[in-house]
Amino acid sequence: MSALPKSVSGFTVIPVAYARSTHILYARAHASPKSKSNSGANLNTGVNTGANTGASAKSKPLPDGRTLFLVNVPPDATEREIVLFFKHCGTVERVVFDLDDVDVGSDVDGNASGKSDGEEGGEDGEDGMDETADVDADADADQHQPNQQPPKKRRKPTQATTQPTPPKLVPLPSAPLRTLRKTGLSAHLVFLDAASLSRALAPAPKPRPWPASEEPRGLAHYAALHDARRPPLDAVKAHADSAVALFEFEVEAARRQGQGAHRRGEAVVDADGFTLVARGGAYGKALGGGVGIASRRFELTGKTTAGRGRKKEAKEKEAFYAFQKAEKQRKAIMDLKKGFEADKARIEKMREARRFKPY
Amino acid sequence: MALNLKRKREKAAAASNKKRHHSLTHLGSEDASPIDASHPSEEETPDDNSSAGEEGAEEIPVGDNAHESHGADHKSKKPPTGEELRVIKDAAELYRSGSFKLQIDALLPHVRPKESRKPPLDRFLHSLHAFLVSLPSLPAQNPIVAAQNLAKQGVAVPYALPLPTRESKWRVEFEKPSDVTIVGTWANQLSVKQKDGVQFGVDVAIEMPSTLFQEKDYLDGRFFHKRSFYLATIAAAISTSMSTDVFYDAAQGDPRLSVLVLRPRNDGSQNDFSKLHAEVRIIPTLPPSSPIPLHRLSPAHSNVRLSAEAGRQQAATPLYNSTILLSTFPKSELLFTHQLKESSPAFRDAHTLLRVWAHQRGYGGGSNICVRGFEGKGSWWSSLLGLLVTGEESSQANGKKASQRRPLGRGLSSYQLFRAALDFLGNPPAKHNFADNAVFVKATNGHRFPPEEYAAHHPAVFVDPTSTVNLLAGVPLSSLESLMHDARKTLEQLNGSSANEDVFAEVFLKDQCHLSTRFDAVIRVDLSRTSPSLSALAVMDHGSFDSALLSEVSAILRRGLGDRTQAITILHPSSAVRAISETQPGRLSRIHIGLNYNPEHAFRLVDHGPSAEEQQSEEATRFRELWGEKAELRRFKDGRILESVVWEVKTSDERAHIPATIVRHLLHRHFGIAADDIQTLQTPFDALLRLPDDVVQLHQNSGSLGGFKAAISAFDDVVKKLKALDDQLPLALLNISPVSEYLRYTSAYSPLPIPTSTALAVPESLRYLPAIEIILEFEKSSKWPDDLHAIQKIKLAFFESIATALMASSPGIKASVVVGDLRTSGVQDQAGLEIVTSQGWAFLARIWHDREATLLDRIINSNKNPLRPVLSDTSFGKERREANEARDLYTRRFIHAPRHHRAVANLCHHFSAYSGAVRLVKRWLASHWLLQGHVSEEAVEILCAKFFVGTSGIGASSTENAPTVPKSKERAFALVVEFLKDWKWEEPLFVPLYESSDGSSIPEVHALGSKQGVWTISTAEDKGGRMWTSSGPDAVAAQRVRSLARAAWNIMQKTDAEYYDVKGLFNPLDDYHILIELDPSVLPRYYHCFNANPRIWSRSGDASGRRDGSPFRIGFDPAKLFIEDLERTFAETLKFFYDPYGGDRIGAVWLPAVDKARPFRALGGFSSIPLPTEKSKDKALVTLNKQSILDEIERMGAGLVVKITTRQQ
């Protein structure tokens, strides 16, 4: 263990003492790339933040200078445990687990997944810490992403509108549960100040034990999970009712605002003056109504008709001339021969494989 | 157009000479059919042949032809010559198919002796002939004295029963043979290779001079004694003066049929024919001029005088008589067969095919295990074909039959002749039955003996074309029935198979002797400790004690089992050669009895006998004699009073044992064979699917009754209650479909309810109560929201209202909403309603809403939409991925699962053995840690169905009566194992699981193995064949399945020693890199575990107060949850194996991809540790941090994991 290098490819190696072994954390100061282009393919773009998606984001969710990029976080790590582990360096503002159940190959930015993690956590009863920490970042991002995937819409009106207040979503009762992630994943740590970051990056003298937060592990975890998935009926009712109410409110709000371009309202015209149309209704419809498009087939193939029904009539009759008949018969014989030859070749192959020795 | 026409004609013409061109156009213009039968013969002239040769020479100039655009591939474009055409057409029409003919042609040389190896044999035969005719005479002497003299030379005389005595008046003597001829199959070039390395037999008939015999020699085995002495003298002479090894051999262990076997010594001499794989068999024969009167040997004559019964009219000795007649037979048979071969060109090939077919099924000597009665019956097969070709001799016995068997033509092809033979054998019993109909091959001189005598004294009659002997003498009827059964089976395969199945291999190439796949029940009987009393006359007639015993066994079993079986097969090892110093052939120590059930009657509980009025009749006496104390008078519900035998069973398992029980009872009663000496494998197999007795006891104490029937009635009950809620539900409930293996008889263990009231008293390790999945379908409504997330929430609301209403209407029921795994995306169906009935059954209901599919498809297909507003690709990719997952789940759960359930439940009703087979296979895969994690249970169900539905699906041609369908779960299990051991999973498998209107339409399936799953099992409803195998087994697991199947197969083939240990098939291996041991006392499912330790629950049962804190959780299986987490977390590091049925160990192997040092990457996807650095490197290397991963596993499984052990690779 003493032979451990201090750093690897620019990452500081932080040993963690396990019961019988040493786990390795790799840490580096987080730096958001300057380029605006979303170069997600790069390996280190796990670091890419929401800054370049919402190009006009005002506050960086992962501020340079005091964000630590951690690799190889233990799969069962909770936020609390990470905070405890880095407590000696300074106060941790928040932890963002990257790439939560997102495959590496797809274009992903840290903020989006971190955010969705926070949201899901709010629903499934993961402890609310990162949710609360995430709220302001969330709010900013959401304003600029009206067309984001549906889960955001549920929350969006809470901050984005000055319209009638939406019904509040009653969450299902939650218990503190661990989320198990894939092994070898990364996380971002935002410290309160830059000094903590440099302390954290200082080579560790010796492995420190991994702290344990109070969320249950193992058997107790599964028992708690089993119970948590069966909430009391009234809680389910309250949650479902509020969720449906919220959904209806959103639909209503979107219709009224005309912004929910996907559903109802006026036609959406983009910057170049084109009317956006999409599939829907009997003939397709413009987003928000207006011009219709022909059909799903048109949407997919660009053709208006399938040429259904009428087959092209053969121009020549098939057995009109004697030579055609002769050709046809010749072809039949040739096919026969070809089939026979193919069979022969197949059997020959089997014979070579000594398939014909019965015993 | 005209120009075009001309050019084409020129093309055709350019390819061939003028004559060919002419014939081609001629062909075309005359008839619409491209091939006309009249043409080939017309063209079959030498002229045509020579012109074909010229074409070959002309080829190059043709290629240069400017008109010929095709150039290089010209040759294959050439139309076939007339000769070729005829061959192709014949292959397709006279054989099953063109490729079948080619396969036959490829097979034949492999089973015939090689011509090139024959010269040494010929030289040897010449020298043998010279040696035999130069043998000196021996003076007449007393048989015992003669034997003693020979014994001094180390040669025993194989005297048969009744043994000669010192007081015998007659004398044995020796003179050189009057004739030496090569006879039998070798002389006619009909030899067919036998199994297990048995050599070709070259039969040499030596004619004993008629001067050796007297008129009365047909009495009391005197002929056989003289024959034995003659043979022994020759044996002594050859063994001393020729360089070959000499043995005795006696077919079926009958010393009267002793022959001398000469085997070459592999000394490389001129006469050494060992490379031919042949042996010379010397058969003494009786000359036609002998003084023994043949009319004394008709079946009705009694020729063995037993001293005790002297003077009384004795029972006939048909077998004895026919054995003497056999000695006159070889030469006349040779002539007849030769004639047949000459007259019917395909006879030789057909004979070879028939013999290969028979050998593969154990009919004939030479295999390690063969069917009783067919050893040494070589001439029967050729006579059988002779019968088909020449027809039947009319007889008074069946003279009233209007339709005689018509002779088939001599011009049939070999395949047609073979087919005809199978047809003859396999015809349904109504049309043809060996027991009732005597068969007489058309003979030139009419009947030698009255046909009635045959029918009266032989069970089965097939008299040869010379009308000398009954070739089926001594063949038990049961063996003939199993031959008919096999013929039917083959006919079914030939008729019903589709193109993609390799019928040829199935019929000719595959060894069909495996007991476990061939018989529904295999009963192994140890004869070494028995000595039943048999009548002396029977022993004399049969020639040996074993023959008499087996024929009696066969007759008794046949009577006792009656219509319960389609065939009873008695198998034993074929006789082996013995040294010439041994007098008697060895006794049989062991036989196997194979039963093929008749599913309608096999498991009948009562056997009816004659009615009470006929108490004194012979029939009633026979009935009581057969069954012994089991037979009793009973009054039945319809008022009849009958003699009857009742088989009492306690469980359905035992009901499946009834046929075996009958065999056991009869063998014990009639032959005094102890119960220990009669073994079957059914009981250990049953035990695998039963819960341990004390567990059942514990549950029965709590008053719960398990079983599939109970589960189904509980389900019906819940359905009724849900439907009764009608007006309280937001939408009307249309349909409730079951989708659980517990409701289709295919879960490995039968379901067991746990009433909530007593649940807490049940020990922790017995508490597993599975939630049985059902699917609710509501009426369509436009009020559903058009948003996937909202739909899931609406479902929650639905569940809540159902739960409330249900609990209010039926007090015993508890219902709760399961919100599902919220880590998955919100678009996926996940919520369910858990319903627990008062008897303790748990159900999990889900709601099927078909709009989901449309919405998901819209998301999935949206990328094809060029007009779609540009979404940020980030969230868009994720959304689509989630939608894909949700769509897969939706299709599997709501579309395929209910359909699959219906089909499987249907199969269970059609085929009684199907459910047991599925359960055994599941148990087997699970105990090797492959089920669920790698092989899905549905895939197992489809795989097992393959052996029941055949190739055309149920309802069409295959019924349960079909011989190919297994009727016991043990046989089906063996079939699945056999299939898995050889399955090349690159080839897709099609199983006609669903009843389809036409069975012929088998979809074109392409095997699309993926990284996650390599099996392709398609059905009519799932053309792609990936529905149940998309997530496994992958190549590693599939390979493991295959090697496990091989190991199991090898164990199952052991027939010789003790029966194998069934549990041994199910013992898990632990050759994994990592073994994670779990604490069994906290696993609620531990009692399902193979080899579970009952102390675990009895202990925790005592201490149940200790764990009072843990409430009863429905469907709680922490081991499974743990495994799922491990699989997700370490998906790219480790591969896990575990037994889903309460396994207390988890095995894992490191994936090879991560197991070496590599440069550091931030998103490597595995836990790494830097390697100790060397100097001056730009790339830092890291490697897998194995120990820390193990520590993480241990931490994740706190409370579950007891120990983790690793194995060095």
Side-chain angles (χ1 to χ4, degrees), chain A residues 3 5 8-9 13 18-21 23-24 43-44 46 71-72 74-76 104 106-107 109 112 123-124 147-151 180 182-184 217-220 222 226 229-230 233 236-237 240 243-244 247 276-277 299-300 323 326 329 332-333 336-337 340 343-344 347 351 356-359, chain B residues 5 8 28 34 79-80 88 98-99 102-103 106-107 110 195 356 508-509 789-790 793 796-797 800 803 816-819 822 826 864-865 869 871 873-875 877 879 1082 1113 1116 1118 1121 1125 1129-1130 1160-1167 1169-1170 1172-1173 1180 1187-1188 1191-1192 1196-1200:
Chain A
V8 169
S9 307
V13 171
Y18 275 1
R20 273 181 290 276
S21 60
H23 182 80
I24 304 296
L43 281 180
N44 281 345
V71 172
N72 201 14
D76 60 341
V104 179
S106 68
D107 284 359
D109 62 301
E123 283 171 14
D124 71 6
N147 291 341
Q148 272 283 6
Q149 73 262 48
L180 295 175
K182 282 187 82 169
T183 182
R217 283 192 166 115
L219 185 61
Y222 294 117
H226 189 271
R229 285 186 190 170
R230 287 156 181 78
L233 282 183
V236 175
K237 186 174 169 59
V244 172
F247 171 74
L276 297 181
V277 286
E299 204 179 324
L300 294 179
F323 83 90
Q329 281 163 350
I333 295 175
L336 206 65
K337 186 184 175 191
F340 190 70
D343 273 349
K344 224 171 181 170
I347 305 298
R351 195 205 301 262
F356 289 104
K357 277 215 146 157
Y359 29 71
Chain B
L5 165 70
K8 283 195 178 173
I88 294 172
S99 70
L102 290 169
Q103 281 173 301
L107 166 73
H110 283 288
K195 291 186 78 162
V356 170
F508 294 113
L509 299 180
H789 294 264
K793 299 299 176 194
L796 277 182
E800 193 276 334
S816 54
V817 179
V818 184
V819 293
L822 288 165
K864 292 176 191 154
N865 180 2
L871 280 171
D873 29 352
T874 314
S875 59
E879 189 188 354
V1082 299
R1113 297 187 174 92
F1116 181 50
L1121 294 170
D1125 275 339
T1129 302
F1130 298 105
F1160 175 76
R1161 289 168 64 209
L1163 299 175
F1166 62 96
S1167 175
I1169 188 165
T1173 51
Q1187 186 58 43
S1188 108
D1191 279 348
E1192 275 166 1
M1196 284 162 67
L1200 278 171

For residues A/Tyr18 and B/Gln1187, determine if any side-chain heavy atom of one lies less than 4.5 Å from a side-chain heavy atom of the other.
->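 No, their side chains stay 4.5 Å or more apart.
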
Are side-chain heavy atoms of A/Arg230 and B/Val818 found at a separation under 4.5 Å?
->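 Yes, at least one pair of side-chain atoms sits under 4.5 Å.
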
Run the numbers on A/Leu180 and B/Met1196 for side-chain contact (heavy atoms from CB on, under 4.5 Å), then give the verdict.
-> CA-CA 9 Å; A/Leu180 295 175; B/Met1196 284 162 67; 3.8 Å; yes

In Å and rounded to the nearest 0.5 Å, what is the CG to CD distance from A/Leu233 to B/Glu800?
->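 Taking CG in A/Leu233 and CD in B/Glu800, the distance rounds to 5.5 Å.
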
Can you tell me how far the CD1 atom of A/Ile347 sits from the CG atom of B/Leu107, to the nearest 0.5 Å?
->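 It is 11.0 Å, given to the nearest 0.5 Å.
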
Any idea which heavy atoms bring [X] and [Y] closest together, and the distance?
X: B/Ser1167; Y: A/His23; value: OG-CE1, 3.3 Å
X: B/Asp1191; Y: A/Ser21; value: OD2-OG, 2.6 Å
X: A/Tyr222; Y: B/Phe1116; value: O-CE1, 3.6 Å
X: B/Phe1166; Y: A/Asn72; value: O-OD1, 4.0 Å
X: B/Lys793; Y: A/Val244; value: CB-CG2, 4.3 Å

Do you know which of A/Thr183, A/Ile24, A/Asp343 has the most heavy-atom pairs with chain B at a distance under 4.5 angstrom?
->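 That would be A/Thr183.
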
Between B/Gly1199, B/Ser1188, B/Ser816, B/Ala803, which residue shows the highest count of heavy-atom pairs closer than 4.5 Å to chain A?
->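 Going by pairs under 4.5 Å, I would pick B/Ser1188.
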
